[in-house]
Structures are given as C-alpha cells and as structure tokens.
Amino acid sequence: MRYWLMKSEPADCSIDDLSRLPDQTVAWYGVRNYQARNFMRDTMREGDEAFFYHSSCAIPGIAGRVRIASPAYPDATQFDAASRFFDPKSDPAQPRWLNVDVRFEEKFVLIPLTELRRHPELATLRVLQPANRLSITPVSPDEWQFILKRLAVPHNDN
DNA sequence: GCCAACGTTGGC
DNA sequence: GCCAACGTTGGC
C-alpha cells in the first residue's frame, strides 16, 4: 500500500465536484508528464490512497482523501482532437499517456499549503520542495499519518 | 499578471 | 547528444 498526493485545479475538478459524480469516481486524465505517468504505470496500485490537492487557486492545499480505483489504462483524451489534452503524436497502438481512476473517500477542512509548511515533520514532503511541479508525488507513510492524524479534520457538508 | 523553475522540442 | 528556445506550472 502506497500513498500519494495528486494535484487538481479546483476550477477543473474540485473535491466537491468529485464527490458529486456518479460513483464519486473520475478518470485522472490529462497527465502529460512522463514522471507522473510512470508513477501511475509502475508504482501505483489499485487501493492506494492519495491526498487530493487543490492547486492554482486562491488557497492551495490538501482538500481531501481519495483512493486509486483502477490500474493505469490509456487516457482517452490523448486521441480526442477536440480535447485540450489531444496528442497527435500518440500512437493508438501504443498509447503514450495513461490514467487511473480515482474515487472520493473524504473531504477535509482545507489544509492550506502555508499550514503544511509550518510543520517540521513535513520538511521532506515533495509538494513543499522548491519548484515542485509534478502533479503526482509519493507521500511517505510517516507524512501520510502525520497529515491524516494531526492536521486533517473531516468536513461534513452534504 | 509576474516570474522562477524546469520539462520538452528541435536544429545542428 | 548538446543546448537554446519555448511552453507550462503554480505560488504569490
């Protein structure tokens, strides 16, 4: 069992958007970075857990918890000419880009990036390192437990 | 909107 | 295979 942090722009898909979807599950499409793709392909497993991180927004931070709900499979948007994620160089016989499905587990009271930075226990958290742009990063078991037990507060609205 | 960091592309 | 140019990310 591994732990991850996955970034999403809430304008595209927020934790609330995810929780309102049928089956509360979404394909994590649009990853166009080889390192992030390789994490999905090689290291992620169905059943792994991930923090759902809101990026490029007014208050970036961890907004909830999700579970990996499928193995990696070809990202359909790479073959969709109408999609902003269309990749004309990807060969359908050998798809370049993959995605996993992600299922909603829990919404938190937002844990802002500035709050995460305050804790020495999280000094090595990947998303806090300077200029980290990877949309999928591993979280160590210690970091996971610290965030979940010390910082996360369930946010129960409808 | 700025800008630093960094990944990707493509000419050579 | 080098490396400059360019595009993207994402916090501020």
Side-chain angles (χ1 to χ4, degrees), chain A residues 2-21 26-44 48-68 72-140 142-144 146-148 150-153 155:
Chain A
R2 293 178 195 263
Y3 303 104
W4 305 92
L5 183 145
M6 301 173 79
K7 295 180 186 173
S8 180
E9 299 188 16
D12 284 345
C13 181
S14 69
I15 191 79
D16 288 330
D17 294 334
L18 177 61
S19 74
R20 290 188 201 110
L21 289 174
V26 73
W28 202 262
Y29 60 82
V31 170
R32 295 294 179 269
N33 170 284
Y34 290 105
Q35 226 182 316
R37 180 205 64 183
N38 293 348
F39 279 140
M40 289 195 285
R41 185 189 61 192
D42 303 332
T43 325
M44 231 179 216
D48 284 358
E49 293 188 87
F51 289 126
F52 189 103
Y53 181 92
H54 283 178
S55 68
S56 295
C57 57
I59 308 177
I62 293 175
R65 185 168 61 85
V66 297
R67 195 171 294 275
I68 307 309
Y73 62 95
D75 176 343
T77 62
Q78 70 196 305
F79 305 121
D80 176 2
S83 168
R84 59 192 259 242
F85 298 112
F86 178 59
D87 183 351
K89 285 185 274 189
S90 183
D91 173 5
Q94 219 167 357
R96 180 180 294 195
W97 304 113
L98 306 173
N99 58 201
V100 296
D101 290 343
V102 155
R103 190 178 62 237
F104 175 82
E105 289 281 340
E106 185 180 15
K107 178 181 176 180
F108 300 148
V109 176
L110 186 83
I111 310 168
L113 178 59
T114 52
E115 168 72 18
L116 296 173
R117 289 198 192 285
R118 204 166 286 144
H119 299 279
E121 292 87 344
L122 301 178
T124 57
L125 191 68
R126 287 283 287 271
V127 82
L128 302 185
Q129 305 314 307
N132 169 64
R133 299 185 309 168
L134 260 191
S135 60
I136 299 175
T137 49
V139 173
S140 76
D142 285 349
E143 292 162 346
W144 179 271
F146 180 81
I147 293 170
L148 200 58
R150 300 280 305 282
L151 305 183
V153 175
H155 186 297

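Remember, it's a predicted structure, so these values are computed and weren't measured experimentally. A note on names: the letters A, B, ... follow the listed sequences, proteins ahead of strands, and every chain is numbered from 1.
A/R84 has a carboxylate O that lies under 4.0 Å from a charged side-chain N of A/D12, or vice versa, which qualifies the two as a salt bridge.
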Show me the donor-acceptor pairs, under 3.5 Å and distance only, between side chains in residues 60-68 of chain A and residues at least two apart or in other chains.
from  : atom 1 : to     : atom 2 : distance (Å)
A/R65 : NE     : A/E106 : OE1    : 3.0
A/R65 : NH1    : A/E49  : OE1    : 2.7
A/R65 : NH2    : A/E106 : OE1    : 3.1
A/R67 : NE     : A/E105 : OE2    : 3.0
A/R67 : NH1    : A/G47  : O      : 2.9
A/R67 : NH2    : A/E49  : OE1    : 3.4

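Note on residues 110-119 of chain A: pairs passing side chain to side chain donor-acceptor pair (under 3.5 Å), not counting sequence neighbours, are A/E115-A/R118, A/E115-A/H119.
Counting only N and O atoms by type, the side chains of A/D101 and A/W28 include no donor and acceptor under 3.5 Å apart.
Interatomic distance, A/Y53 OH to A/I136 CD1, rounded to the nearest 0.5 Å: 15.0 Å.
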Check: How does protein reach along nucleotides 5-12 of chain B, written 5' to 3' as B (base within reach of a heavy atom under 4.0 Å), S (only sugar-phosphate), or - (no contact)?
Finding: BBSSS---
